Structure formats: C-alpha cells, structure tokens
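All figures in this text were calculated on a predicted structure; none of them were measured in a lab. In what follows, every heavy atom counts, from backbone to side chain, and hydrogens, waters and symmetry copies are set aside. Chain letters run A, B, ... following the sequence lines, proteins first and then strands; every chain starts at 1.
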2 protein chains.
Amino acid sequence: MANILDVAKRAGVAPTTAKRAIHEPHRLAPETLARVRKAIEELGYEPDQVAGSLRRGRTQTLGLMVGNIIEPFFAALIRSIARQARARGYALMVADSEYDSGIELQHLKMFRGQRVSGLIIRSAFGSPNLDYLVQMHKRGTYILEIDHFYPNSPFSYVMLDGRQCVFTGVKYLYDLGHRRIATLGDYHPVITPDERSRVFPEAMQAVGLAPIPEYQRVIERSEEAAYHLTLELMRLPEPPTALFSLTGSEAAGAFRALKELGLRIPQDVSLLTFDNYSWTALVTPPLDVIEQPVEAMGQVAVEIVLEAIENQTLDKVVRKRFPGRLIRRGSCAPPPAQGVKSRV
Amino acid sequence: MANILDVAKRAGVAPTTAKRAIHEPHRLAPETLARVRKAIEELGYEPDQVAGSLRRGRTQTLGLMVGNIIEPFFAALIRSIARQARARGYALMVADSEYDSGIELQHLKMFRGQRVSGLIIRSAFGSPNLDYLVQMHKRGTYILEIDHFYPNSPFSYVMLDGRQCVFTGVKYLYDLGHRRIATLGDYHPVITPDERSRVFPEAMQAVGLAPIPEYQRVIERSEEAAYHLTLELMRLPEPPTALFSLTGSEAAGAFRALKELGLRIPQDVSLLTFDNYSWTALVTPPLDVIEQPVEAMGQVAVEIVLEAIENQTLDKVVRKRFPGRLIRRGSCAPPPAQGVKSRV
DNA sequence: AGAGCTGATGGTCACGTGTCCATTTTTAGC
DNA sequence: GCTAAAAATGGACACGTGACCATCAGCTCT
C-alpha cells in the first residue's frame, strides 16, 4: 500500500511537503500542489488513519453500544448517529450488548483497545460496568449515555423525557375514563431500572389514582415476557381496562396476547405504547403511540461528543432531554361500561 | 494511558518480557508472569490496538456495509456478524449506505483509511463503486458480498438461494390455483438488479405460466413504492389474484394498500413475502413468508473473511448459497372463483 | 545595501507496538 | 562438575504519520 513517502518521491518533493498537500494545501505553491495531487491520484494514496491515530494520540473513531440492535429504535438511532459521524469524518464502531452486561464488557474492552475517542452507550440492565466506564473516561474516552442513564451517572446523556411522556400517556388514558391502568412491567432497581416504570406511580398520583398492586409485576422488557404478562393480567379477576406498554417490543407481545384472548382493541381493552414502529400503523386497529425524536437525539448526541473531543473538554457534562409526541390512531377508547371480563 | 513500558517498569522486567505475558505467557517463568500480570492489573493496562495494527500491518477490524439498517433483515445480519466478530476478537465498523452509492463511496473511503482487514458488503443499487472495491481488494482488504452480488463479481459471497425461493413461492401459489401472479417490482438491470425479480419469469415458466406484462413495473424496493404499486395493480381491469413481495419492507406497503382498498386476505387476494419479520405474524391474517437463515449467513460470512485474512489467502474466492424456508400462516389461499374485482 | 520578514520547502523524531536477534540463566546429560 | 542445550529474558528497530523546528530564496522597508 502506497504511503506518503511514495507520494513525495513520485512528486519529487520532501515528505513534509507532500503531507501539506493534504492538511494545509494553501501553504504550497500551486505547481507543487498540482504535482503532489497528481502523484496521490496516480498511486491511489489514502492516508493511513491507523498511523495517524497513533501519532496524533487520538483516533477518528466513535464507539456506539446499543442494547438490542433488533429493536427498530436502535436501528434508527444507529442510522442517525452514523449519518452525523460520517458528516464529521468519524468512523463508527457498533456493538450490540443484547442487554447483557457480560457481552457489554467484552465490547467495552474492545472499544478501549481500539482507543475510540468517544462512546455513546445504552447500558445493559443490571450492569456492573459503570466502574469500567469511569476508567475509560479517565483514560480519555468521552462517554455519553443515551436512552437511559445510570443513577448518579457522572456522564453526559441524551434522553427522551420519560416523565413527560408517561404523564402524558396516563393523563390521556385517564381522560378517556380509564381507572384500571397497567404498565407492562413494573420498576425494579436492578432488573429494569428504567425511568418510565419508575415514574408511572407518580403519573397515576397526578391524576388521583394509585397503581394497582396486582398489576405490578417485574418482567424483562421483551416481546415474549410482555406476551405472557398480558395473558396473566387479562386473566385476573379484575383485569386492567388499559395497557400501557413502555417499549415498542413489548407492544408486539401484548398485541399478540390480546388477539389470542379474543379481546377487541379498543372496545374491550385500550392499548398505548412507546415507540412509533412501522408495524404499529399496519395492525388492526392501528396503535396509539408515543413517538421519540430519534433522529434529533442521535444527531445531538454526536454533536456533544465531538465537541468535547475536539475541544479537549472531556470533563464537560451536557444533558439533554427530548419531548415525546402522542400519536392517536384508534387503539385507545373509553373503557367498557362494566369493565373487562376476566379471561380465565 | 499506561503502555507496555509502564507495565514492564512496574514489574521490573524488560518490555519484551512484559509483551510476552500477553502473547506467549507459556514462555515466561511462573513468578515473572504473575508479577507482570499484577502490574497489568494495577495499571489497568489494555494493549493499544492502534499501535499494534500499525506495527503488524493489519488491523483487527472488519467493515460491514448494509443497504438499509432500518430493515430488520440487516439488523439481524449485523447482530449475527457482530457476535462472530466478537468471538474472534475483531472490532466491527458498521456503515449504512441507505442504498445510495454516493454515501456508500464515502463509507468505503473511510473503511480504507481505517485499513479494515475485511469488508462484508451489501452493495447499493446502481452502484459505480465496483472499481473502488477492486482497488481495496488489491491493497489488501478481503471483500465478501452478502445478500446480493455484482454481475461478474470477482468476490466471495454469501447469499440466499433466491432462485430456489422464488421457484418455491411461485409453485406454492400455482398449486393453490393462482394464475395471475404479480411480483412487487420487476427486474431492472440498473435500478433493481436483484436475483429474485430476475428469476421470477423462469419460475413462472417452470409451472407453465408467463409473467403478465401489465404487472411488470419497475419500482424501488421500499414500503412506500410497494404501497403505490399495489394500489395500481389492484386497480387494473384484471388485477392479480396473488401478490409476491420480494422483500419484507415491500410487504408492509402492500399490506397497507390492500387494507385500504378493503380487500380481504386471503379471500380476495393472496399475499406471500420474503423475510420473516416479526410484524408479519402479528397482523390479521398473519402472513405466509419465506424465511432467510440470517444467523447462519452472518456467521459463515465472518468465517470466510477471517479465514482468508488470517491465512493470507486474499485471493481465495468462496461462494455459499443458503436455502430459504416457506412458513405458512394463512395469507395465501385459492383465488376467488371469478377472480378479484378491480378496485377503481 | 543590509536587516527583517514572509512564503515555500525540508529534516527529524516519537507515538506503542510486534518482530527479530542477542544475551543470560537454568536444566539435562554424562 | 563440566558442557551443550533449552528456557528465560533483554535490546533494537520499523510500521506511517503529525508536530515541531530548520533552512533558504525573494521581497520590503529604512
């Protein structure tokens, strides 16, 4: 592979001059510049970022750790972040923790070995990797959490305003007349320490309700778990009249379970979910969703990270919240007069 | 950031000895090894892959270019490839061309600058980037095409056996009694040069049918384009009795269009599609699909690439085909006795 | 005309590692 | 107890670049 020395030789100039043709072309005499450019062209020279990174002491590389790449939310996030990184000349290393902190740690070590300059991370659940992240930060990697953050996180983050969204959702269901509202999955400090389930009780309180203890089950945030939970909830003596799914994946499981039970949406039970996934508009009835501004979140995340990296302000902490948007399509309606009959 | 010299100094050994603790620990005396390991631990040392790559002349990095990361097929592919890369100690750079060859070229240049050792690529449509790929290959990047390959591609590839799948699908519909079968999108050598639409006429011929000219429209392989095409097709004087969607994204558009037209699936029209996306099982009726063995394809792709890289056999060409699997769920049935009424 | 300045170009070195070769220490064999 | 071999350890250097400093010609200003 041709290097800058080959280019210099071919152009009949010193290596330093050849380098300047790339970094500071204005400092070269026009003919010299043309000669070097010709040599670059002829040799198909492309600067070696590996050597450059070593010398510079900083890579042009960002790491991105997602929780589950199969979820469209993360796919959209990757696209947004990739676009922005490309625009700024950074390469993107993507890792999928599958929400497993063991896998996550392996990827973090790889990122560290690769000396990524910045890391955008959606942490795995129940993760003991905070220490490792702190260490990475001390060694010069700027870290930004996205979609979720550790309690007392020392890092920057970019997040949906989960509180506002949950309040909006609960209020929406309350105003339709619902009193027996269940989230799919309760808060748990280790297993599911997410903001949405944490603030749900507060949102209920705000409209004068209390969460119903029988509905409060801790489940993994997956389609399968939501499917089983929905079956259980709807088989209770007094089942909920409205289900509030906290993730798009869970909504699929809940939807499947309701269909299977022969319950009609929204006549028998209302269904509201986070994440405007494309399938939610295709099913019958199309689902009411709370949409996240994914594109904007990804873009801002990269901007924060690159600004810190390029200005050498690694200790700067920036935290942004983004509002969600309720989209009504018809999967929520007033509850049936005599409540939902239990499906035993 | 601590380097191997710091480790050596702390352990009281020469740098070479410290390095051996990492690469060939068996060559060290047990106490020396322990001392170096302790130093590594205490300093939180992690070898610098950037420096290692430079010296070695080869990175531990793979590039992966997908056509559209939003499509669940690619998300699943990334997961599979990421798993295998992780298991083999390689970092993964992911790029999303959005099926745009201009964006693709930018990413390719970045990959080249980063000196990725291998590249797994799903090329963009109508791409003039083949020359650049050939150049990358000459400079030492092993290249493998996935899901699609250039005509006369000089590279290895891993692909679905599209011919077998299309033949299976057509035969399935034919056996149900369908004669007026339409694919969503016809073959076009530049815009949509995909195998599936190309072999469709052959598959029809195999059951004694000919493609119906009015159904043969060239469209972009997107949900939106498929939506409009479906509307057009079903408004023809003699609309198809069965739609064969060649991608999962298109199926969503077709499904939406059929619902909107008030056509019942499968009573009025049958719908068969590639890709077992999770939503296809959620809609009413659940869709018949042809599933791709994505996990296996990703795994084999990485194995081929890494074997070539590690054995320095960059010119070895390996080509693998994988069979699809037809899953019946109820969206295909015999056509109505008097054909589908046109929806004008 | 000489000093000072600017524009253009050249030379040297270090980033942290892996590889190769050299040296010292220990063990085996008789 | 001595030699040869093996085990264990050490030293020097290059990968391709970017940062820094050096050089030199031509020009302006006094």
Side-chain angles (χ1 to χ4, degrees), chain A residues 1-37 39-40 43-61 89 91 112-117 139-140 310 312, chain B residues 1-37 39-40 43-61 89 91 112-117 139-140 310 312:
Chain A
M1 176 109 35
N3 62 26
I4 196 68
L5 296 173
D6 300 325
V7 171
K9 195 179 293 178
R10 188 177 189 98
V13 298
T16 307
T17 305
K19 286 166 204 170
R20 276 203 258 271
I22 296 167
H23 296 293
E24 359 175 50
H26 59 280
R27 290 190 52 187
L28 292 191
E31 322 97 70
T32 312
L33 181 56
R35 230 168 47 243
V36 176
R37 287 207 166 136
I40 288 176
L43 290 169
Y45 169 75
E46 188 99 23
D48 188 330
Q49 296 294 337
V50 176
S53 295
L54 176 61
R55 172 59 233 226
R56 208 183 307 116
R58 184 154 61 77
T59 62
Q60 298 269 91
T61 304
R112 185 136 94 88
Q114 297 286 347
R115 300 289 189 267
V116 296
S117 292
R139 311 275 160 120
E310 295 180 351
Q312 303 275 36
Chain B
M1 176 112 32
N3 61 27
I4 196 69
L5 296 173
D6 299 326
V7 171
K9 195 179 293 177
R10 188 178 189 98
V13 298
T16 309
T17 305
K19 288 166 203 172
R20 275 202 258 272
I22 295 166
H23 297 294
E24 3 175 47
H26 60 278
R27 289 190 54 186
L28 292 191
E31 321 95 73
T32 312
L33 181 58
R35 226 166 51 243
V36 176
R37 287 207 165 135
I40 288 176
L43 291 170
Y45 169 75
E46 189 97 22
D48 187 331
Q49 296 295 337
V50 176
S53 295
L54 176 61
R55 170 63 235 223
R56 210 182 303 115
R58 184 152 61 77
T59 61
Q60 298 269 93
T61 305
R112 185 137 94 87
Q114 297 285 347
R115 299 291 188 267
V116 296
S117 291
R139 312 275 159 119
E310 294 180 351
Q312 303 275 36

**Full working for side-chain contact (heavy atoms from CB on, under 4.5 Å) between B:T61 and B:Q114** = CA-CA 9 Å; B:T61 305; B:Q114 297 285 347; 5.9 Å; no
**Asked** Across the strands shown, which category fits B:S53 at heavy-atom distances under 4.0 angstrom: base, sugar-phosphate, nothing?
**Response** nothing
**Request:** Would you classify A:V13 as touching base, sugar-phosphate or nothing, given that sugar-phosphate means primed atoms plus P, OP1 and OP2, and contacts are heavy atoms under 4.0 Å?
**Result:** sugar-phosphate
**Message:** Of the listed nucleotides (C:dT9, C:dT17, D:dT17), which one gets closest to any side-chain atom of A:T17?
**Reply:** C:dT9
**Item:** Nearest heavy atoms of B:P47 and A:R115, plus distance in Å
**Value:** O-NH1, 3.8 Å
**Backbone of B:G52 reached by a side-chain donor or acceptor of B:R55 within 3.5 Å** = no
**Request:** Rounded off to whole Å, could you give me the CZ-to-C1' distance for the B:R56 and D:dC13 pair?
**Result:** 17 Å
**Item:** Nearest-Å distance for atom pair CG/P, residues A:D48 and D:dG18
**Value:** 9 Å
**Complete:** Looking only at C:dG11, D:dT17, C:dG16, the nucleotide nearest the A:R55 side chain is D:dT17
**Fill in**
From the candidates C:dG16, C:dG18, D:dA19, the one with an atom nearest any side-chain atom of B:N3 is C:dG16
**Request:** Mind checking B:G57 for me? I need base, sugar-phosphate or nothing, with any heavy atom below 4.0 Å counting as a touch.
**Result:** nothing
**Prompt:** Please give, in whole Å, the distance from C:dG16 P to B:Y45 OH?
**Reply:** 10 Å
**Request:** Measure from the side-chain heavy atoms of B:T16 and tell me the nearest of D:dT9, C:dG10, C:dC20.
**Result:** C:dC20
**Request:** Identify, between B:A14 and B:A51, the residue whose nearest nucleotide on DNA chain D lies closer to the 5' end.
**Result:** B:A14
**Request:** Check for a donor-acceptor pair, side chain of A:R139 on one end and backbone N or O of B:M1 on the other, with a separation under 3.5 Å.
**Result:** no
**Request:** Write down the distance between NZ (B:K9) and P (D:dG10), rounded to a whole number of angstrom.
**Result:** 14 Å
**Request:** Sequence neighbours left out, what passes side chain to side chain donor-acceptor pair (under 3.5 Å) with B:Q60? Give chain and number order.
**Result:** none
**Request:** Using only side-chain N and O atoms of B:T32, determine if any of them is under 4.0 Å from OP1 or OP2 of D:dT9.
**Result:** yes
**Request:** Only counting residues at least two apart or in another chain, list the ones meeting side chain to side chain donor-acceptor pair (under 3.5 Å) with A:S117.
**Result:** A:T59
**Item:** Length of the CD-C1' vector between B:Q49 and C:dG18, whole Å
**Value:** 12 Å
**Item:** Proximal nucleotide (of D:dT9, C:dG16, C:dG11) relative to the A:L54 side chain
**Value:** C:dG16
**Intermediate values then yes/no, side-chain contact (heavy atoms from CB on, under 4.5 Å), A:I22 and A:I40** = CA-CA 10 Å; A:I22 296 167; A:I40 288 176; 4.1 Å; yes
**Request:** Could you check whether A:P15 gets within reach of a base, just the sugar-phosphate, or nothing at all, counting any heavy atom under 4.0 Å?
**Result:** nothing
**Complete:** Note: contacts of residues 22-31 of chain A with DNA chain D (heavy atom, under 4.0 Å) are A:H23
**Request:** Using whole Å, report how far CG of A:L5 lies from C1' of C:dG11.
**Result:** 12 Å
**Fill in**
When rounded to whole Å, the CZ to C1' distance for the pair A:R20 and C:dA8 reads 8 Å
**Closest heavy-atom pair and its distance - B:I4, B:Y45** = N-CE1, 3.5 Å
**Item:** Whole angstrom value for the distance that separates C1' of D:dG16 from CZ of B:R139
**Value:** 15 Å
